[in-house]
J.: 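Would you mind keeping the following structure in view while I ask a few things?
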2 protein chains.
Amino acid sequence: MGNQELFKALADPTRRDVLRMLRGGSRTAGELAEAFPMTRASLTHHFNVLKSAGLVRSERRGQHQLYSLNTSVFEEAANLLMDLFGRNGKD
Amino acid sequence: MGNQELFKALADPTRRDVLRMLRGGSRTAGELAEAFPMTRASLTHHFNVLKSAGLVRSERRGQHQLYSLNTSVFEEAANLLMDLFGRNGKD
DNA sequence: TAGATATTTAGAATACTATCTAATTATCAT
DNA sequence: ATGATAATTAGATAGTATTCTAAATATCTA
């Protein structure tokens, strides 16, 4: 997935809000879109960035697209942070 | 200092490399600059971004400027990450 | 099949970021 | 004071990101 993509994905406030919303469980693109003052097209762009970074997954459910948090990236993200501050030797 | 500034600061690979270099202790602007294939002016820009985010501090030492890691932000950064993945209720 | 709803894709505009060169400020040493 | 060294600031440019509108695709229902 790439560290750079991960950090870049987390650098946008809209995308972080999306992640927070998904903490509560899967949501359709439309449900997520209602919470943001921008078009669905713009949101789709953010979903794609989050997917490329491995932070979310998506799955079609009829005419809806269901997005969910990929919690397994959490450990990776935590390790990256620790690396930056010297708490372990990993990369 | 602002979460947005923190995430933005971490989103650039040069700035993350600077942080890694500072894990080993304080370094002057010139010492840091030698490790990067860009001008000192460009590095100064990155130092300023890191300072605004509270990730580093600087201090004049004669004609040198000494940069050092501000490890106290580590906890804050870790909390922000946890928030995004639902491990605690903060923020 | 036709229409309605949900979402994505394509292309363009605007704003932001990283980087450069040139000029400036600050400190040291003679 | 003068010149040398260290670092920053200012202004410009190129690349990237965010957002929009309009068009396209996919699925459901009648």
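Computed from a predicted model, the values in this text were never measured in an experiment. Proteins get letters first, then strands, A, B, ... in listed order; numbering begins at 1 in each.
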J.: Determine the minimum heavy-atom distance between A:Leu6 and A:Ala53, stating which atoms define it.
T.: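 Nearest pair, atom of A:Leu6 first, then A:Ala53: CA-CB, 4.0 Å.
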J.: For A:Met38, check side-chain contact (heavy atoms from CB on, under 4.5 Å) against everything at least two apart and list the hits.
T.: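 Checked A:Met38 against side-chain contact (heavy atoms from CB on, under 4.5 Å); matches are A:Thr14, A:Phe36, A:Ser42, A:Leu43, A:His46.
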J.: Could you state the CG-P distance from A:Asp17 to D:dT18, rounded to the nearest angstrom?
T.: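 My rounded result for the distance is 14 Å.
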J.: Could you give the CZ-to-P distance, from B:Phe47 to C:dT19, as a whole number of Å?
T.: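 Atom CZ in B:Phe47 sits about 12 Å away from atom P in C:dT19.
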J.: Rounded to whole Å, how long is the line connecting atom CZ of B:Phe7 with atom C1' of D:dA17?
T.: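 Result: 18 Å.
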J.: On DNA chain D, compare the nucleotides closest to B:Thr28 and A:Lys8; which residue's is nearer the 5' end?
T.: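 Mapping each residue to its closest nucleotide by heavy atoms, the 5'-most match is B:Thr28.
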J.: Send over the distance from A:Glu5 CD to D:dT16 P, rounded to a whole Å.
T.: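 Rounding to the nearest Å, CD of A:Glu5 and P of D:dT16 are 14 Å apart.
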J.: Hydrophobic cluster membership, with links at side-chain heavy-atom distances under 4.5 Å among I/L/V/M/F/W/Y: are B:Val49 and A:Leu84 in one?
T.: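 In one cluster: no.
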J.: Less than 4.5 Å apart, any side-chain heavy atom of A:Leu66 and any of A:Thr28?
T.: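 They are in contact (side-chain heavy atoms under 4.5 Å apart), so the answer is yes.
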J.: Once you round it to whole Å, what is the distance between P of D:dA17 and CZ of A:Arg15?
T.: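 After rounding, the reported distance stands at 9 Å.
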J.: Shortest non-hydrogen contact from A:Ala35 to A:Met21?
T.: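 Nearest heavy atoms, A:Ala35 then A:Met21: CB-SD, 3.6 Å.
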J.: Does a side-chain N or O of A:Tyr67 approach OP1 or OP2 of C:dA6 to a distance below 4.0 Å, or not?
T.: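 No.
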J.: Rounded to whole angstroms, how far apart are CZ on B:Phe36 and P on C:dA18?
T.: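 The distance from CZ of B:Phe36 to P of C:dA18 comes to 14 Å, rounded to the nearest Å.
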J.: I need a per-nucleotide contact map over nucleotides 19-30 of chain D, read 5' to 3'. Cutoff is protein heavy atoms under 4.0 Å; write B for the base, S for backbone only, - otherwise.
T.: BBB----SBS--
J.: In whole angstroms, how far is the C1' atom of D:dT16 from the CG atom of A:Asn48?
T.: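 From A:Asn48 CG to D:dT16 C1': 17 Å.
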J.: Under the rule for side chain to side chain donor-acceptor pair (under 3.5 Å), what residues qualify as partners of B:Arg16, not counting sequence neighbours?
T.: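 So B:Arg16 forms a side chain to side chain donor-acceptor pair (under 3.5 Å) with A:Gln4.
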J.: What is the distance, to the nearest angstrom, from the CZ atom on B:Arg27 to the C1' atom on D:dA6?
T.: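 It works out to 18 Å between those atoms.
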